[in-house]
J.: 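Handing you a structure now.
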There are 2 protein chains.
Amino acid sequence: MSRTVLTREQVLQAADDLVRQHGPDALTMRGLAARLGTAVTSIYWHVGNRESLLDALVERAVEEIGAIQPAGRTPATRIVSVARRLRGELRARPHLIAMVHERGLTERVFLPAQRALVREAHTAGLRGARAAEAVRAVQFQVVGFVLVECARELAPAEPRERPRKTASARKDPALARALARPADPERLFTASMRALVKSLLAQGNA
Amino acid sequence: MSRTVLTREQVLQAADDLVRQHGPDALTMRGLAARLGTAVTSIYWHVGNRESLLDALVERAVEEIGAIQPAGRTPATRIVSVARRLRGELRARPHLIAMVHERGLTERVFLPAQRALVREAHTAGLRGARAAEAVRAVQFQVVGFVLVECARELAPAEPRERPRKTASARKDPALARALARPADPERLFTASMRALVKSLLAQGNA
DNA sequence: ACCTGAACACCGTTCAAGT
DNA sequence: ACCTGAACACCGTTCAAGT
């Protein structure tokens, strides 16, 4: 697998592959060394230690995501489009996002998109602290949603409890059935994003 | 520290204390044994292994949270009250919540509160799949928000980047200042929760 | 500048043996 | 039924030594 000399970039790439596929727990210094055909200690020379290696991967992921262009005609649809695109980017690397999350870097992932959101909030008539609050609400909503969503996918299949017949269930069987089915994240995300944005932007016309 | 014989409950309690204060990484089987004044292998007899010990702690936490009574007059305020109370419960045990999250058990935490939410959605006029969607949107929003929030607190102080002067910043300095300040989670949570619920319930009067 | 093996301290877990 | 020490396989990391 290895060629010529070992470079820091090679180490990062191999680690990235491993983490993306099997998560950070699968990344052991010894295993990585074996994969690269070198001694464990060589890796230390190139990346310092395991922790800073993971940091570098997180850094990479954050940069990869970068800025996102809004699409659509109204500010509301444009904000929702940014949110959906961002969700897509995050979902594409669930393990990395979990790591970004653990490191408390969630806000950083959002910085590139923030400017776009600010612009839309502004054209929707929001100003000052209220605009800032709206932008942040959207950010938290997106990241939070994706975290919940990824956790569900990465976790070993949540044991579904069979729904009990409650009073409300008998009154509205369609509701009970809908809650018994697993949620459709794509649909739920868009719906709740639209709902949130609608309310937030409505404050601008007051 | 130890008395008489070792019980499973004692093991769980000691582990719980440790995890609540210093997080799951601080829980080592050997360290726990030392704390309890027994051999490591005794712990294995009582709880199986580390993984199932952590599972038991998560189970405990989920049960502790339990049901939550809504407060307020309108369905909207009652739903928001449930959300806020739930946020409080989750925030009180950030490490445990992170573990619940990793295990994909986020939905389970919400089951006790779900019935209350369903009732409120119903009295607000929502029915069937639409009501289910509203309930789920609230759930995801709460859990997602708390996850982001806890991550920020547990992580070793996010390095704040100094804001750059962008075009929008010059147009609306109050907004730029607001975004430069760290977010006030309490306030942001309530605001975005209200916004979301308002939109969701508005669909019931259509 | 880059790579190496040996060694250290620490894990979770198993197992045969005790009472 | 409950507890024990010894042992195994695996970690991350350091360090002195090589080229």
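Letters A, B, ... mirror the listed sequences (proteins, then strands); counts begin at 1. These values consider heavy atoms only, across backbone and side chains, with no hydrogens, waters or symmetry-generated copies.
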J.: Any carboxylate oxygen within less than 4.0 angstrom of a Lys/Arg side-chain nitrogen, looking at Glu51(A) and Arg103(A)?
T.: yes
J.: So Glu107(B) and Gln139(B), side-chain hydrogen bond (donor to acceptor under 3.5 Å, both in side chains) or not? Walk me through it.
T.: CA-CA 8 Å; Glu107(B) 303 196 1; Gln139(B) 296 183 180; 5.9 Å; no
J.: How long is the line joining CG of Leu54(A) and C1' of dG12(D), in whole Å?
T.: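 Interatomic distance, CG of Leu54(A) to C1' of dG12(D): 12 Å.
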J.: Can Glu64(B) and Arg20(B) be counted as an ion pair, charged N to O under 4.0 angstrom?
T.: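 Looking at Arg20(B) together with Glu64(B), the answer is yes, because their closest N to O distance falls below 4.0 Å.
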J.: According to a 3.5 Å limit on both distances, what stems of 3 or more consecutive Watson-Crick or G-U pairs are formed with DNA chain C?
T.: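 Expected stems, ordered by start: C:4-8 with D:12-16, C:12-16 with D:4-8.
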J.: Give a yes or no answer on whether the side chain of Glu120(B) reaches the backbone of Val82(B) with a donor-acceptor pair at less than 3.5 Å.
T.: no
J.: Does His46(A) place a side-chain N or O at less than 4.0 Å from the phosphate oxygens OP1/OP2 of dA1(C)?
T.: no
J.: Filter on ring-ring contact (aromatic ring centres under 6.0 Å, His included), then keep only pairs touching residues 8-56 of chain A, sequence neighbours left out; what's left?
T.: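 Every candidate ring-ring contact (aromatic ring centres under 6.0 Å, His included) pair involving residues 8-56 of chain A fails, so no pair, neighbours aside, qualifies.
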J.: Would you indicate what Ser42(A) reaches in the nucleic acid, counting non-hydrogen atoms under 4.0 angstrom: base, sugar-phosphate, or nothing?
T.: base
J.: For Ile43(B) and dC2(D), give me the distance from atom CD1 to atom P, rounded to whole Å.
T.: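 Checked: the CD1 to P distance equals 15 Å.
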J.: Could you give me the CA-CA distance, side-chain angles and deciding distance for Asp55(B) and Ser52(B), then say whether side-chain hydrogen bond (donor to acceptor under 3.5 Å, both in side chains) is met?
T.: CA-CA 5 Å; Asp55(B) 284 344; Ser52(B) 56; over 6 Å; no
J.: Rounded to whole Å, how long is the line connecting atom CG of Leu32(B) with atom P of dC11(C)?
T.: 12 Å
J.: Regarding Leu27(A), tell me which of base, sugar-phosphate or nothing describes its non-hydrogen contacts under 4.0 Å with the strands shown.
T.: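 Result for Leu27(A) = sugar-phosphate.
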J.: Keeping to residues at least two apart or across chains, list the ring-ring contact (aromatic ring centres under 6.0 Å, His included) pairs with something in residues 90-113 of chain B.
T.: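 Residue pairs with at least one partner in residues 90-113 of chain B: His101(A)-His101(B).
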J.: For Glu9(A), enumerate each residue passing the side chain to side chain donor-acceptor pair (under 3.5 Å) test, keeping only those at least two apart in sequence or located in another chain.
T.: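 Side chain to side chain donor-acceptor pair (under 3.5 Å) list for Glu9(A), sorted by chain: Arg60(A).
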J.: Could you tell me the separation between the CG atom of Asp25(B) and the C1' atom of dC10(C), rounded to a whole number of Å?
T.: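 To the nearest whole Å, that distance equals 14 Å.
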J.: In whole angstrom, what separates Trp45(B)'s CH2 from dG5(D)'s C1'?
T.: 19 Å
J.: Which atoms of nucleotides 13-17 of chain C (N or O only) lie under 3.5 Å from a protein N or O atom, and what are those distances?
T.:
unit_1  : atom_1 : unit_2   : atom_2 : d
dT13(C) : OP2    : Tyr44(B) : OH     : 3.2
dT13(C) : OP2    : Arg50(B) : N      : 2.9

J.: side-chain hydrogen bond (donor to acceptor under 3.5 Å, both in side chains): which pairs involve residues 185-196 of chain A, sequence neighbours left out?
T.: Arg84(A)-Glu186(A), Arg87(A)-Glu186(A), Arg187(A)-Glu133(B)
